[in-house]
Amino acid sequence: MRRSRRAVVALLTALTLTAGTPAVANPAWTSLSYASAPADNPLKGLLPFAGDYQTFPHSMEWFYLPLSDVMTGPRKFDWAAFETQLGAIAGRGHQGVFRFYLDYPGRPSGIPRYLLDQGLLTRPYTDFGNDGVSVAPDYNDPRLVAALETFISALGRRYDGDPRIGFITLGLIGFWGEWHTWPHDGTTEPENWMPGDDILARILHRYEAAFDETRLLARYPSAQNKNLDIGYHDDSFAFETLPPTSWHFVQRLIDEGVTDKWRRQPIGGELRPEIQSCLWDQPVSCTQYEDYTASVAQTHASWLINHAAFTGTGFTGDKYQRAVAGAKSLGYELTVTEAKLTRDRVSVRIANRGAAPFYYDWPVELAAVDRSGHVVRRWPTRWTVAGIQPGEEPTQLSSRINTRGLRPGRYDIVMRLPNPMSGGIPLRFANTGQDTTSGWLTLGSLRAR
């Protein structure tokens with residue numbers, strides 16, 4: 001069963017309000033032991049720019065793509081370049097996180113050729129080492145606005161709910177698609193190259209309308225997005241994250257009144273490139289940085305780009321272990337605290353020891369495993385772990401099973417959340433009975449007669 005993104009948001013809200021009610025004690029419940037979940041659990045952790053890296057555990061890969069690679073006319077699209085990226089990442093068992101851009105300093109323009117041929121105004125600049133390689137478009141031009149709205153709708157029609165995609169950052173606007181044109185913002189420099197708030201609102205609403213399942217993240221909290229089903233990404237994580245500085249990420253969350261939005265919408269981002277390696281030294285060797293643990297605690301981030309952990313030979317020794325611990329601290333960590341088994345029902349209690357909920361409604365499956373280790377019967381459930389909040393009392397789930405017809409003997413009863421992407425990493429629970437390869441968690445055993 002797959003619920004829409006909006007249905008999951010409603011479920012997240014409901015669980016936020018109700019999951020804290022303790023279940024009634026029952027002597028038939030059996031406790032399950034905790035063990036730290038793997039650092040490469042899906043849809044969380046540290047991730048590299050797209051590529052085949054074996055140096056650090058991860059479940060996702062990041063990439064940029066110029067809009068000009070796919071949009072060839074006002075309503076014409078060639079998705080080959082995008083498919084190549086998604087296909088390569090999925091082939092490595094990972095999900096993609098990405099952003100389309102028009103203007104990436106130092107790279108050739110990502111503006112569709114047909115718009116340039118129509119005379120779209122562009123502005124050269126030398127900032128960020130660009131030296132005129134890229135150009136900033138006139139974001140207020142109606143032709144460009146119409147193109148962006150058409151593209152977003154086409155992207156949603158084709159890719160909303162595609163299991164190869166982990167998250168989408170909105171992109172398209174500003175340098176690097178980061179929704180700013182600093183210093184050309186009307187204060188540092190007299191001209192403001194950003195589009196008007198009305199246009200930003202149009203782009204935001206078009207994204208929200210186009211995507212019902214795949215999760216979206218905007219660069220900055222704003223009045224235009226605070227009430228939308230869109231999360232956020234902090235691309236200067238642990239560098240310009242903590243309050244009270246006005247432009248820091250958490251202060252922006254505070255100012256817009258969205259400090260609890262993480263309960264329903266994901267937070268991601270990138271460790272500031274200058275600190276991606278030195279932050280894991282002991283003592284920290286960065287000349288400027290913010291406390292990583294505090295940054296995670298205040299943002300409830302689920303994933304961060306940290307490409308330095310993957311380059312060359314990667315991190316080693318204690319530095320590697322600190323980075324692994326940092327990856328594990330991101331996002332959810334679901335653990336089954338107790339289970340109760342009968343021949344016609346399975347019940348579990350699940351707690352979240354992480355920093356954020358799991359945001360996707362992946363179906364939970366139960367099965368019986370015989371003494372030879374073979375799965376002999378499977379039972380789908382209507383369970384979801386989406387929205388189980390950190391730090392609250394365990395959420396109780398129960399489902400009927402039918403053991404009639406099983407050969408007499410003892411069977412292990414197991415559960416798992418398989419990744420909907422073929423070859424994708426399954427969600428692993430933080431329990432000693434978790435098989436980290438297959439994804440099956442052993443809940444206990446029962447005897448069929």
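Not measured: the values here are computed from a predicted model.
Between Leu271 and Ile305, the closest side-chain pair of non-hydrogen atoms is not below 4.5 Å. Ile165 has its side chain within reach of Phe98: a pair of non-hydrogen atoms, C-beta onward, lies under 4.5 Å apart. Looking only at side-chain heavy atoms (C-beta outward), Trp182 and Thr187 stay at 4.5 Å or farther from each other. The shortest side-chain heavy-atom distance between Pro137 and Leu144 falls under the 4.5 Å cut-off.
In this structure, Lys261 contributes its side chain and Leu253 its backbone to no donor-acceptor pair below 3.5 Å. Using modelled atom types, one side-chain atom of Tyr359 and one backbone atom of Trp262 make a donor-acceptor pair closer than 3.5 Å. Between the Tyr360 side chain and the Gly166 main chain, a donor and an acceptor come within less than 3.5 Å of each other. A donor-acceptor pair is defined here as one N or O able to donate and one able to accept, closer than 3.5 Å; such a pair exists between the side chain of Asn130 and the backbone of Gly106. Judged by distance alone, with hydrogens and angles left aside, the side-chain atoms of Asp435 form a donor-acceptor pair with the main-chain N or O of Ser438 at under 3.5 Å. Checked by atom type and distance alone, the side chain of Asn352 never pairs as donor or acceptor with a backbone atom of Gln389 at under 3.5 Å. Under the 3.5 Å distance criterion, the side-chain polar atoms of Thr335 are left unmatched by any main-chain donor or acceptor of Thr337. Glu208 places no side-chain N or O within donor-acceptor distance of the main-chain N or O of Leu228, the cut-off being under 3.5 Å. Listed for the Ser295 side chain is a donor-acceptor partner under 3.5 Å among the backbone atoms of Asp291.
Note that CD1 of Ile173 is 6.5 Å distant from CG of Leu102, once rounded to the nearest 0.5 Å. In this structure, CG in Asp197 is found 10.0 Å from CG in Leu204, a value given to the nearest 0.5 Å. Atom NE2 of His58 and atom CZ of Arg92 lie 7.5 Å apart (nearest 0.5 Å). Between atom NZ of residue Lys319 and atom OG of residue Ser277 there is a gap of 3.0 Å, rounded to the nearest 0.5 Å. Put simply, CG on Leu427 and CG on Asn419 are 9.0 Å apart, with the number rounded to the nearest 0.5 Å. From His94, atom NE2 reaches atom CG of Leu47 across 10.0 Å, with rounding to the nearest 0.5 Å.
At least one cation-pi condition fails for Arg272 and Tyr289: the charged atom is not both under 6.0 angstrom from the six-membered ring centre and inside a 45 degree cone around its axis.
Between Arg428 and Glu333, none of the side-chain N atoms (NZ, or NE/NH1/NH2) sits under 4.0 Å from a carboxylate O, so this pair counts as no salt bridge. The pair Asp160-Arg215 does not meet the salt-bridge criterion, since no charged nitrogen lies less than 4.0 angstrom from a carboxylate oxygen.
Aromatic ring centroids of Tyr320 and Phe315 lie 6.0 Å or more apart. Note: Phe151 and Phe100 meet the aromatic proximity criterion, with ring centroids under 6.0 Å apart. For an aromatic pair to be called close, the ring centres must be under 6.0 Å apart, and Tyr104 with Tyr64 satisfies this. Not less than 6.0 angstrom separates the ring centroid of Phe167 from the ring centroid of His233. Aromatic pair Phe237/Phe249: ring centres not closer than 6.0 Å.
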What do the steps show when you test Asp103 against Ser134 for side-chain hydrogen bond (donor to acceptor under 3.5 Å, both in side chains), and what is the final call? CA-CA 6 Å; Asp103 181 10; Ser134 183; 2.5 Å; yes

Passes ring pair (Phe, Tyr, Trp, His ring centres under 6.0 Å), Phe310 versus Phe49? Steps please. CA-CA 9 Å; Phe310 300 84; Phe49 285 83; 10.0 Å; no

Between Val348 and Leu443, does the side chain to side chain contact (heavy atoms under 4.5 Å, CB included) criterion hold? Intermediate values first, please. CA-CA 8 Å; Val348 295; Leu443 301 175; 3.8 Å; yes

Show your working on side-chain hydrogen bond (donor to acceptor under 3.5 Å, both in side chains) between Ser153 and Arg206 and close with a plain yes or no. CA-CA 7 Å; Ser153 294; Arg206 183 59 63 101; 3.0 Å; yes

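Of the N and O atoms on the side chains of His184 and Glu191, not one donor lies less than 3.5 Å from an acceptor on the other residue. Side-chain contact of Tyr207 with Asn225: a donor-acceptor pair under 3.5 Å is absent, judged by distance alone.
Scanning both residues, Lys226 and Tyr232, for their nearest heavy atoms gives CA-OH, 3.7 Å. Here the shortest heavy-atom pairing between Glu290 and Leu279 reads O-CD1, 4.1 Å. In plain terms, the two heavy atoms of Lys328 and Ser36 that are nearest each other are NZ-OG, 3.1 Å. Residues Pro390 and Ala355 approach most closely at CG-C, 3.6 Å, considering heavy atoms.
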